[in-house]
Protein chains: 2
Amino acid sequence: MKEVTLKDIAQILGISVTTVSKALKGYKDVSPETRKSVLMLAENLNYKPNAVALNLKNQETRTIGVIVPEIVHNFFSSCLHGIIAEAEKNGYLVIILQSGESDLLEQKQLEMLVDKRVDGILIAIADATDEYSHIQRIIKKEIPIVLFDKVTEQLPCSKVTIDDKKAAYNAVKVLIDSGCKKIAHLRGPLGASNAVDRHEGYVSALEAHGIAYDPSLVYMCDGYSINDGKQHAEDAYKENPDIDGVFCITDMVAAGAIAYFNEEKISIPDQISVMGFSNSPISSIIRPSLSTVDQPGRQMGKEAVSLLIEEIVKLKKKEPVEHYHVQLPTNIVVRDSVKSNPRP
Amino acid sequence: MKEVTLKDIAQILGISVTTVSKALKGYKDVSPETRKSVLMLAENLNYKPNAVALNLKNQETRTIGVIVPEIVHNFFSSCLHGIIAEAEKNGYLVIILQSGESDLLEQKQLEMLVDKRVDGILIAIADATDEYSHIQRIIKKEIPIVLFDKVTEQLPCSKVTIDDKKAAYNAVKVLIDSGCKKIAHLRGPLGASNAVDRHEGYVSALEAHGIAYDPSLVYMCDGYSINDGKQHAEDAYKENPDIDGVFCITDMVAAGAIAYFNEEKISIPDQISVMGFSNSPISSIIRPSLSTVDQPGRQMGKEAVSLLIEEIVKLKKKEPVEHYHVQLPTNIVVRDSVKSNPRP
DNA sequence: CTGAAAGCGCTTACAG
DNA sequence: CTGAAAGCGCTTACAG
């Protein structure tokens, strides 16, 4: 069915499109009678301005694009929840794309969003991405972009993350305080900023507590699945039967580790304590329940959108934009996978 | 930074916009030299057609809108994964909105999508929605729309679901075959089509196996959270201490039931068997592991987009569109929460 | 108070 | 082979 246009209204009323437009937009220089008849007819015909025409005219789409590595992932879907809600509140709609942690897809999708003329872009960088010229290009074009969760310091733009290093430090400290002396780390890929930061936090927590950092206790997961956790927990345990703690990059990886230890009848937390990261629902469902870092996904998404929209608005007004790196606070949720009352 | 337009190219080359457009689009009636210089300059300037202008011209946006009740939910995010991937493959981008199971929000968001001029809409109907005039209006406007997962038979449009009734029948049959005689059902809201169908499947499985249907064994969950499951498992057990099986509307609800039974040292599956629905990751992580119905979310999303795009294309070509109700097959994953080898 | 004109960036039927 | 004109649906500076 054909949508009603200004032209239709103008023709019916025998006046010009200009006048109809003005009446609808509340311009003063329209006679009360004309205004009234226009408004009434528009109402009756259920006139809705054509957003596409407005977009062309206004050079904006009131749409923002988001690229996440994977939508079926509690943390990212939480971010998306926050993003969509906050964007909607500000009159923006959200287009979502998944890179699958692939740099090639990420590049292609970024271009699709630019071609689509979105007003701004939010991105959590794929693990496989190791150079940022595609993002640099967006910045050069002055398209507002905000990085979240997986970011890089190499780009001049706003970022929203938690303090991954500090969060990891605190998580490992909990393990140490509970009595662990030999803590393995199932880490994430080298290309992922948060994996790098969490590894650093792990190292510095050890060193701050008089435990020598032993690189052979660090195992690199390719992905973040339960199987990655199982696999590497097995490797870690077989190569170092005396480990008494495992710090995992992700709750899913931790769930895999727990599954392995349970199968092998290795007692958690008595023999080995396990620490996860994210506080996803599985951490309270798994047995023993998983101690983990609470990572505020929804708030991260909300914060990222706010920064982005601020930039979009400033850009429109030709005001200078500043860049921020917002770091959201985290806290640790201690559950049964770590010994309590360690120091009697 | 200003984007390059046809006008820019035309001015630099001293030719008309028309000719530039034709050269770029490979029209025959352009001299080889002109074509070449246009192509080269466009390449150098990295010219990209303005999608918004094309949208206005072509009366299409190559965008589809999706409304789901909740994105942070394994099943729906799986659907979205399928939707986004399949849409992308066909050159469509996807705008996502969450109704939060609210009819009011659903109505508002549907209107936003229409105003946005999306080419088509995918929707999983909110639990609170009990009349469909807002969707009926979309259909009258001839905007392609496909319902998925939570649908209604009252609307003349395509639908993609599983056969919830049959899936529930089979799930309850597994409980019965394992020896259960008194099976409670933690069901979903009355407004949700899948909850209604699953309840029907539950009833008919009982009756087909000579077990009288007892409405007092059915408990209505308001939501789908762990707590809903805990709460109602407790109610069910306290009011009927002799139940030996529980069929849950959702894996999360089942997880709550398991948590309650574990806390109360009620042995699963020896005293009570538990059956979930969806086969989300938690079903293999929880202990005892959860028997459940595997619900192919990603495929459902993919199927729904395919149907939708087919309609969009046919509409464009003014061909008649037909409506289908695609029902995806499911199968049951039996795990430790149900007794095996029941009939020795 | 009203409306013709120009413009957002593109396409295409048509005239030359 | 080239380009002026009309049009997608809207807005707004300007003339009357």
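Residue numbers start from 1 in every chain, and the chains themselves are labelled A, B, ... in the order their sequence lines are given, proteins ahead of strands.
Below the 3.5 angstrom threshold, one finds a donor paired with an acceptor across the side chain of Lys22(A) and the base of dG3(C). Counting atom types as modelled, Ser16(A) pairs no side-chain N or O with a base atom of dA4(C) as donor and acceptor under 3.5 Å.
We find that CZ of Arg117(A) is positioned 9 Å from P of dG9(C), with the value rounded to whole Å. The distance between atom CG of Asn50(B) and atom C1' of dT11(C), rounded to the nearest whole Å, is 13 Å. For the pair Leu56(B) CG and dG9(D) P, the computed distance is 7 Å after rounding to whole Å. For the pair Asn58(A) CG and dT11(D) P, the computed distance is 8 Å after rounding to whole Å. Atom CD of Gln59(B) and atom P of dC10(D) are 10 Å apart (whole Å). What separates CD of Glu60(B) from C1' of dT11(C) is a distance of 13 Å, to the nearest Å. Protein atom NZ of Lys7(A) is 6 Å distant from nucleotide atom P of dG7(D), rounded to whole Å. In this structure, CG of Asn55(A) is placed 12 Å from P of dC10(D), rounded to the nearest angstrom.
Salt-bridge check for Glu311(B) with Lys314(B): failed, with every basic side-chain N at 4.0 Å or more from each acidic carboxylate O. A salt bridge is absent between Glu33(B) and Lys36(B): the closest approach of a Lys/Arg side-chain nitrogen to an acidic carboxylate oxygen does not fall below 4.0 angstrom.
Within the nucleic acid shown, Thr18(A) comes within 4.0 Å of at least one base atom, counting heavy atoms only. Val52(A) comes within 4.0 angstrom of no nucleic acid atom, judged by non-hydrogen atoms across all strands. Among the protein residues, Ser21(A) comes within range of the nucleic acid bases, having at least one heavy atom under 4.0 Å from a base atom.
The side chain to side chain contact (heavy atoms under 4.5 Å, CB included) test with Leu39(A) singles out one residue from Leu24(A), Asn44(A), Thr34(A), and that residue is Leu24(A). With Phe76(B) as reference, Asp149(B) is the one residue of Ile71(B), Ile96(B), Asp149(B) to meet the side chain to side chain contact (heavy atoms under 4.5 Å, CB included) rule.
Side-chain nitrogen and oxygen atoms of Tyr47(B) include at least one within less than 4.0 Å of the OP1 or OP2 phosphate oxygen of dC10(C). Considering only side-chain N and O atoms, Thr34(A) lies under 4.0 angstrom from the phosphate OP1 or OP2 of dT2(C).
Pair assignment for dA13(D) gives none, since no Watson-Crick or G-U wobble pairing has each distance under 3.5 Å. When Watson-Crick and G-U wobble pairs are counted only if both distances are under 3.5 Å, dA4(D) pairs with no nucleotide at all.
Few gaps surround NZ on Lys116(B); more than 12 heavy atoms of other groups in view lie less than 6.0 Å from it.
The side-chain heavy atoms of Phe148(B) and Glu303(B), taken from C-beta on, include no pair separated by under 4.5 Å.
Taking the P atoms as reference points, dC1(C) lies 30 Å from dG9(D), given to the whole Å. Rounded to the nearest Å, the gap between the P atom of dC8(C) and that of dT2(D) is 25 Å.
Along DNA chain C, the nucleotide nearest to Lys25(B) and the one nearest to Ser31(A) differ in position, and the one closer to the 5' end is contacted by Ser31(A). Toward the 5' end of DNA chain D, the nearer of the two residues Asp29(A) and Pro32(B), judged by each one's closest nucleotide, is Pro32(B). Residue whose closest nucleotide on DNA chain D sits further toward the 5' end, between Lys28(B) and Thr5(A): Lys28(B).
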